[in-house]
Amino acid sequence: MLVIEGPSGNGIGRSVASALGCESIEVSRKLFPDGESEIVIPGEVRGKDVVIVQSLYPYQDKGLVELLILADELRKEKAKSIKAVIPYLAYARQDMKFEGKNNAVSISTVLDLLGYSGITTLFTVAPHKSAPLSAFHGAVKVIDGSVPLARALKGNVKMPFVLAADKSATHMAQNFAETLKCDYASMEKQRDRLTGKIRMLSGPDKDFDGMDVVIVDDMISSGGTVVQTAEFAKKKGAKRIVAAAVHLLMIGDAAKKLKEAGVSELYGTNTVLYPKAHITDISEAVADALKK
Ligand code: R5P
């Protein structure tokens with residue numbers, strides 16, 4: 001197996017290759033003055049089982065085009081098989097049509113393009129939802145980034161209680177609670193489809209006096225979801241509030257908003273490179289998934 005670290009592989013390709021004891025190379029990318037990318041693969045790929053690692057944030061479109069160019073080139077150069085590890089899969093949240101809006105279901109276009117480029121197996125970490133990924137023409141393997149993330153918190157919290165910021169993060173909360181040996185519950189959130197504004201409909205009927213509340217979600221984007229969850233936890237007497245999300249997009253002043261809402265520490269993974277948090281390397285989980 002040959003692992004190719006893409007221009008936004010976040011170092012995961014190199015670590016995966018060393019965990020699997022296989023060869024790895026790094027793609028060289030040159031930017032032309034107009035911003036177009038030139039991709040050079042420094043090595044022979046003919047007849048090899050190749051795994052590309054390329055995350056798609058912060059430059060979703062550029063990262064995607066580079067991945068497509070790279071995979072297509074591998075196909076033309078007669079690689080035996082092409083798998084792609086996309087730690088953060090951009091467009092995964094645009095997965096359904098809304099009544100009266102006629103919006104494009106962008107993830108289905110992205111999946112089609114990945115298929116046309118020659119990728120036959122897709123690995124990704126904590127996508128927004130798994131079901132829409134079944135539109136991909138090949139196999140899809142979802143890596144649960146919450147397990148290594150939960151381990152990073154072990155020993156760093158006292159009297160923990162895990163709170164999923166959204167019902168869809170309940171499975172994450174379960175994993176965290178199992179690792180931290182504590183209870184968990186979920187918030188019920190509603191998002192206005194037109195304005196994008198969220199409001200918390202309900203949370204657990206419980207006092208958090210003296211407890212460290214660990215808020216978990218698949219991602220933090222604008223920060224709104226975690227901010228409202230933190231405000232809830234604070235009102236219920238939480239002693240300390242920690243937030244953990246697989247993908248830390250941290251758009252605009254998200255960090256400031258989280259701090260003001262009482263979040264004292266932030267945990268994430270290297271699916272996205274956010275420098276101001278405790279970052280857990282998900283390479284081992286990726287290597288395990290590839291081994292299977
Ligand atoms: C939504 O369903 C996701 O699981 C996250 O809760 C959401 O994307 C977080 O976004 P934000 O940080 O903007 O509230």
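Both ligands and their constituent atoms are indexed starting at 1 by order of listing.
- Counting only N and O atoms by type, the side chains of Asp61 and Tyr91 include a donor and acceptor under 3.5 Å apart.
- Between His278 and Tyr267, the ring-plane angle classifies as parallel under the 30° and 60° cut-offs.
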Which protein N or O atoms sit under 3.5 Å from any N or O of ligand 1? Give each pair with its distance.
from     : atom 1 : to     : atom 2 : distance (Å)
ligand 1 : 2 (O)  : Asp166 : OD2    : 3.2
ligand 1 : 4 (O)  : Asp217 : OD1    : 3.3
ligand 1 : 4 (O)  : Asp218 : OD1    : 2.7
ligand 1 : 6 (O)  : Lys189 : NZ     : 3.0
ligand 1 : 6 (O)  : Asp217 : OD2    : 2.5
ligand 1 : 8 (O)  : Arg93  : NH1    : 3.0
ligand 1 : 12 (O) : Ser221 : N      : 2.8
ligand 1 : 12 (O) : Ser222 : N      : 3.2
ligand 1 : 12 (O) : Gly223 : N      : 2.8
ligand 1 : 13 (O) : Ser222 : N      : 2.8
ligand 1 : 13 (O) : Ser222 : OG     : 2.6
ligand 1 : 14 (O) : Thr225 : N      : 2.9
ligand 1 : 14 (O) : Thr225 : OG1    : 2.5

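- Partners of Asp72 by salt bridge (charged side-chain N to carboxylate O under 4.0 Å, His left out), not counting sequence neighbours, listed by chain and number: Arg75, Lys76.
- Residues passing the ring pair (Phe, Tyr, Trp, His ring centres under 6.0 Å) test with Phe136: none are found, sequence neighbours excluded.
- Checked against salt bridge (charged side-chain N to carboxylate O under 4.0 Å, His left out), Glu188 has the following partners two or more places apart in sequence or in another chain: Lys167.
- Under the 3.5 Å distance criterion, with hydrogens and angles disregarded, no donor-acceptor pair is assigned to the side chains of Ser168 and Lys129.
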